[in-house]
There are 2 protein chains.
Amino acid sequence: MELSCKSEYALLALLELADHYSEHEPLQIRQIAAEQSIPDRYLEQLLATLRRSGLVRSQRGARGGYILAREPWKITLLEVVSSIEGTDIQPSELDREAKSLEGLVIREVWHEAGRAADAVLQKYTLQDLAEKRNSRQQLDLMYYI
Amino acid sequence: MELSCKSEYALLALLELADHYSEHEPLQIRQIAAEQSIPDRYLEQLLATLRRSGLVRSQRGARGGYILAREPWKITLLEVVSSIEGTDIQPSELDREAKSLEGLVIREVWHEAGRAADAVLQKYTLQDLAEKRNSRQQLDLMYYI
DNA sequence: AGCAAACTCCGGTGGAGAACCGGGATATAC
DNA sequence: GTATATCCCGGTTCTCCACCGGAGTTTGCT
């Protein structure tokens, strides 16, 4: 399980959007990028991908920006990650499958492992992450006192 | 979960070694490569890695080759994959951790997902894979009749 | 009307890793 | 001592990641 910059940036950005979700006003790329120290031109690409996947909506023009397309508790981490990571290939998923029985069996186990990981990502929502962070913050405060 | 060529080649090679494990004679790179259609010079590198991890032993010189270091039912897929895939970095695992609370929480979930996938890989041994393949083969025969 | 922000599409760079190929040194069975 | 194998060192091509930048378009607030 590699944690790519892409996925982490996307999650950080969506977390930021989740924090301001109640305001019903769009957040600009610049603000998100500044808050989470993400290169803005790169974040733009990621948000474009998330928009095409229907996870965020964009508003163009002055006072525009991005808003979550759904409530933060209705967006799972799996949706985010597979939107951002799995863009590349669908046309030939079977291209390398049929090589040998060994190859087939290996791919089956791999698939099982992948589904186990996906299950974890699916049970967490953006809301869950934000709450996790908040309670962590409170713990830090307690230690400080 | 990406299935890289490296991991698949390594598993195929070890599966081949497992098949000939009872003979107590080493298998050459060329034979393994020919049997599983793996580029031999590439397979050499992978076997070197597996040797350094203590999963196979090598015998140099004429009539040399490779043998499994342990019995096929004592080698898990997780060992193979982490040997072949995870060589790169230990010195600074904490380098990017401390950026923000958000980053920390994300990494925790990621780690949980990784452990879920590892658990799957760990419950299968080379022996299990070979048996899976064999029973699959018998099914194919039944369909043929 | 004008500005501010989004979007689109274009291009490039630097680095890392994957997936190879090749040569020469070294060890070992015969 | 020669044939046979591994071992070690190197290089190549390719793709993807993580960015940076510009030029032009669309949209909406004021």
Side-chain angles (χ1 to χ4, degrees), chain A residues 2-13 17 24-34 36-54 56-67 69 81 83-89 92 95-96 99, chain B residues 1-13 17 24-34 36-53 55-69 81 83-89 91-92 95-96 99 103:
Chain A
E2 79 305 340
L3 175 56
S4 69
C5 255
K6 292 177 76 165
S7 298
E8 189 181 0
Y9 285 164
L11 286 173
L12 289 172
L17 288 179
H24 286 281
E25 277 184 2
L27 264 184
Q28 286 96 322
I29 290 183
R30 302 284 166 79
Q31 299 182 20
I32 306 175
Q36 300 284 349
S37 21
I38 302 172
D40 49 357
R41 293 308 247 118
Y42 192 40
L43 179 57
E44 187 188 334
Q45 297 175 21
L46 303 180
L47 284 173
T49 303
L50 294 173
R51 184 180 55 84
R52 279 187 281 270
S53 304
V56 298
R57 266 177 309 198
S58 65
Q59 190 167 345
R60 306 174 76 163
R63 300 200 52 77
Y66 289 89
I67 311 191
V81 172
S83 153
I84 221 69
E85 217 81 23
T87 66
D88 25 13
I89 37 162
S92 61
D95 50 357
R96 309 173 58 201
K99 284 175 69 176
Chain B
M1 287 295 294
E2 80 304 341
L3 174 56
S4 69
C5 256
K6 291 179 76 166
S7 298
E8 189 181 2
Y9 285 165
L11 285 173
L12 288 173
L17 288 178
H24 286 281
E25 278 184 0
L27 263 184
Q28 286 95 321
I29 290 183
R30 303 283 167 81
Q31 300 182 19
I32 306 174
Q36 300 284 349
S37 22
I38 303 172
D40 49 358
R41 294 313 244 116
Y42 191 40
L43 179 57
E44 186 189 334
Q45 297 176 22
L46 303 181
L47 284 172
T49 303
L50 294 173
R51 183 180 53 85
R52 280 188 279 269
S53 304
L55 292 176
V56 298
R57 266 177 310 201
S58 66
Q59 189 168 346
R60 306 177 71 165
R63 301 200 52 76
Y66 289 88
I67 311 191
L68 288 187
V81 172
S83 154
I84 221 69
E85 217 82 23
T87 66
D88 27 13
I89 37 161
S92 61
D95 50 356
R96 309 174 58 202
K99 284 175 69 177

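Letters go in sequence order (proteins before strands), and every chain restarts at 1.
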Quickly work out the A/E85 CD to D/dC17 P distance and round it to whole Å.
7 Å
Would you check if B/I29 and B/L47 make a side-chain contact, meaning some heavy-atom pair closer than 4.5 Å?
yes
Do A/S4 and A/Y9 have side chains that get closer than 4.5 Å, going by heavy atoms?
no
So, for B/A10 and B/L50, which heavy atoms are closest and what is the spacing to 0.1 Å?
CB-CD1, 4.2 Å
Expressed as a whole number of angstroms, how long is the span from B/D40:CG to D/dT4:C1'?
15 Å
Check nucleotides 27-30 of chain D for protein N or O atoms closer than 3.5 Å to its own N or O atoms and list the pairs.
{"from": "D/dT27", "atom 1": "O2", "to": "A/G61", "atom 2": "N", "distance (Å)": "3.4"}

Grab the CG-C1' distance between B/L43 and D/dT6 for me, whole Å please.
12 Å
Within less than 4.0 Å of OP1 or OP2 of D/dG21, is there a side-chain N or O belonging to A/Y42?
no
Can you find a donor-acceptor N/O pair under 3.5 angstrom joining the side chain of B/Q45 to the base of D/dC7?
no
B/S58 side chain near D/dA5 phosphate (N/O to OP1/OP2, under 4.0 Å):
no
Comparing A/L27 with B/E44, nearest DNA chain C nucleotide closer to 5' gives the residue A/L27
Quick one: A/R57 CZ to C/dA6 P, roughly how many Å, whole number?
17 Å
Does some side-chain heavy atom of B/I38 sit less than 4.5 Å from a side-chain heavy atom of B/L12?
yes
With a 4.0 Å cut-off on heavy atoms, is A/R51 in touch with a base, just the backbone sugar-phosphate, or nothing at all?
sugar-phosphate
Please state how far atom CD1 in B/I29 lies from atom P in D/dT4, giving the value in whole angstrom units.
16 Å
My understanding is that only residues two or more places apart in sequence, or in another chain, count here; which of them pass side-chain contact (heavy atoms from CB on, under 4.5 Å) with A/E25?
A/R63
Value in whole Å for how far the P atom of C/dA6 lies from CZ of A/R52
16 Å
Rounded to the Å, how far apart are B/Q28 CD and C/dA29 P?
13 Å
Between A/Y9 and D/dC17, is there a side-chain N or O to OP1/OP2 distance below 4.0 Å?
no
Any heavy-atom pair between the side chains of A/Q59 and A/Q28 that's under 4.5 Å?
no
Indicate yes or no: at least one non-hydrogen side-chain atom of B/I67 is less than 4.5 angstrom from one of B/L27.
no
Using a cut-off of strictly less than 4.0 Å, decide whether A/R41 has a side-chain nitrogen or oxygen near OP1 or OP2 of C/dG12.
no
I need the CD1-P distance between B/I38 and C/dA18, as an integer number of Å.
16 Å
